[in-house]
Amino acid sequence: MRKNLVVGILRETKNDSERRAPLTPADVRWLIKRGIAVEVEASANRIFKDAEYKKAGAIMVKKIKTADVLIGIKEP
């Protein structure tokens, strides 16, 4: 039996002024409606507040531990 996919959104660790987000709370809501769990590392800098991700259904964590796929921002 296949386990459910878990997507993890990483916080920016290289640049404290980075505010971009790899997925919006609306994207998170879309994934969750399709049975994909989302873990989000807490971040005070991200353009979207942690509460917005939580309201969208994400699991807020200090450090991602169970995600199958990690999504983050990489500088160009």
Side-chain angles (χ1 to χ4, degrees):
M1 180 178 212
R2 183 175 168 207
K3 75 173 195 138
N4 289 343
L5 180 68
V6 179
V7 172
I9 299 176
L10 298 168
R11 74 175 169 277
E12 178 61 43
T13 57
K14 197 169 192 174
N15 183 350
D16 287 339
S17 65
E18 180 62 67
R19 295 186 43 86
R20 293 180 295 169
L23 294 176
T24 68
D27 296 329
V28 168
R29 191 175 305 107
W30 187 89
L31 290 169
I32 290 170
K33 282 184 180 179
R34 284 150 182 82
I36 300 169
V38 179
E39 288 185 352
V40 178
E41 284 186 343
S43 172
N45 297 338
R46 192 182 293 119
I47 190 72
F48 300 104
K49 304 296 181 205
D50 292 347
E52 293 176 85
Y53 285 106
K54 189 172 183 176
K55 184 177 179 182
I59 302 162
M60 299 305 300
V61 296
K62 288 184 180 184
K63 182 140 177 94
I64 293 175
K65 296 179 183 172
T66 62
D68 302 297
V69 177
L70 298 174
I71 302 175
I73 295 294
K74 177 77 174 136
E75 72 273 12

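Using a 4.5 Å cut-off between side-chain heavy atoms of Ile, Leu, Val, Met, Phe, Trp and Tyr, with links allowed through other members, Leu70 and Val7 fall into different hydrophobic clusters. Clustering ILVMFWY residues whenever any of their side-chain heavy atoms sit less than 4.5 angstrom apart, transitively, puts Leu5 in the very cluster that holds Tyr53. In the hydrophobic clustering of this structure, Val69 groups with Trp30; members are Ile, Leu, Val, Met, Phe, Trp, Tyr whose side-chain heavy atoms approach within less than 4.5 Å, directly or through other members.
The distance from atom OG1 of Thr24 to atom CD1 of Ile9, rounded to the nearest 0.5 Å, is 8.5 Å. Considering CD1 of Ile47 and CD of Glu52, their distance stands at 9.0 Å, rounded to 0.5 Å. To the nearest 0.5 Å, atoms CZ (Arg29) and NZ (Lys55) are separated by 7.5 Å.
Residues Glu39 and Thr66 bring a donor and an acceptor atom of their side chains to less than 3.5 Å of each other.
Contact record, Phe48 with Leu23: CD1-O, 4.5 Å, taken as the closest heavy-atom pair. Residues Ala56 and Ile32 approach most closely at O-CD1, 3.6 Å, considering heavy atoms. Across all non-hydrogen atoms, the minimal contact from Lys74 to Arg20 is O-NH2, 3.9 Å. Contact record, Lys62 with Arg11: O-NH1, 2.9 Å, taken as the closest heavy-atom pair.
Between the side chain of Asp50 and the backbone N or O of Ser43 there is at least one donor-acceptor pair closer than 3.5 Å.
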Show, in sequence, the C-alpha distance, side-chain angles and deciding distance for Val6 and Ile59, and conclude whether the side chain to side chain contact (heavy atoms under 4.5 Å, CB included) test is met. CA-CA 10 Å; Val6 179; Ile59 302 162; over 6 Å; no
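Considering Ile64, Val40, Ile71 as possible partners of Leu10, the one that fulfils the side-chain contact (heavy atoms from CB on, under 4.5 Å) test is Ile64.
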